[in-house]
Amino acid sequence: MTMLDDFRPVAEVTADERARVPVGKAGAHKNDRYAVAVNSEGAILLTPLASIPKRELLVWENDELRASLFRGLADAAEGKARSLDWVTADDDEDADEA
């Protein structure tokens, strides 16, 4: 099986004067992001992407941290969370100054 075996024809399109090719007929929407790959035959493969801020990458690279975060979110959704005074102390001071 080749990489192109799973592809199906959708439409024929023409690049505009700026070499842009419309892909809306293939299901693309405004602000969708894609990785673009080209093979030796000129076939173009678009792979959908979801970009995240670099500061959040640690969560996706660290299985233990991600599991802990998801447990915390589940606990909060079930009402099992509690406020930690040391975390919100600065917020309380800001509220007093307002």
Problem - Val38 reachable from Val23 in the ILVMFWY side-chain graph, under 4.5 Å edges - result: yes

Problem - Cluster link Leu73 to Ile52, ILVMFWY, side chain under 4.5 Å - result: yes

Practice task
List for me each residue that meets side chain to side chain contact (heavy atoms under 4.5 Å, CB included) alongside Val36, sequence neighbours excluded, and say none if there are none.
Solution key: Ile44, Leu46

Problem - Inter- and intrachain pairs under side-chain hydrogen bond (donor to acceptor under 3.5 Å, both in side chains), touching residues 21-31, at least two apart - result: none

Completion exercise
Residue set satisfying side-chain hydrogen bond (donor to acceptor under 3.5 Å, both in side chains) with Arg33, at least two apart, ordered chain then number -> Ser51

Practice task
Under the side-chain hydrogen bond (donor to acceptor under 3.5 Å, both in side chains) rule, collect the residues that match up with Asp63, sequence neighbours excluded.
Solution key: Arg66

Fill in the blank from the handout: Residues Ala76 and Ala81: closest non-hydrogen pair is CA-CB, 3.9 Å

Handout entry: Hydrophobic cluster (4.5 angstrom, side-chain heavy atoms) - remaining members for Val13
Key = Val21

Problem - Those residues that, when tested against Ala37, pass side chain to side chain contact (heavy atoms under 4.5 Å, CB included) (two or more places apart) - result: Leu45

Practice task
Only counting residues at least two apart or in another chain, list the ones meeting side-chain hydrogen bond (donor to acceptor under 3.5 Å, both in side chains) with Lys80.
Solution key: Glu78

Which donor-acceptor pairs under 3.5 Å do side chains of residues 53-62 form with protein atoms, sequence neighbours excluded?
residue, atom, partner, partner atom, Å
Asn62, OD1, Glu64, N, 3.1
Asn62, OD1, Leu65, N, 2.8

Handout entry: Partners meeting side-chain hydrogen bond (donor to acceptor under 3.5 Å, both in side chains) with Arg18 (sequence neighbours left out)
Key = none

Handout entry: Contacts of type side chain to side chain contact (heavy atoms under 4.5 Å, CB included), residue Ala35, not counting sequence neighbours
Key = Thr47, Leu49

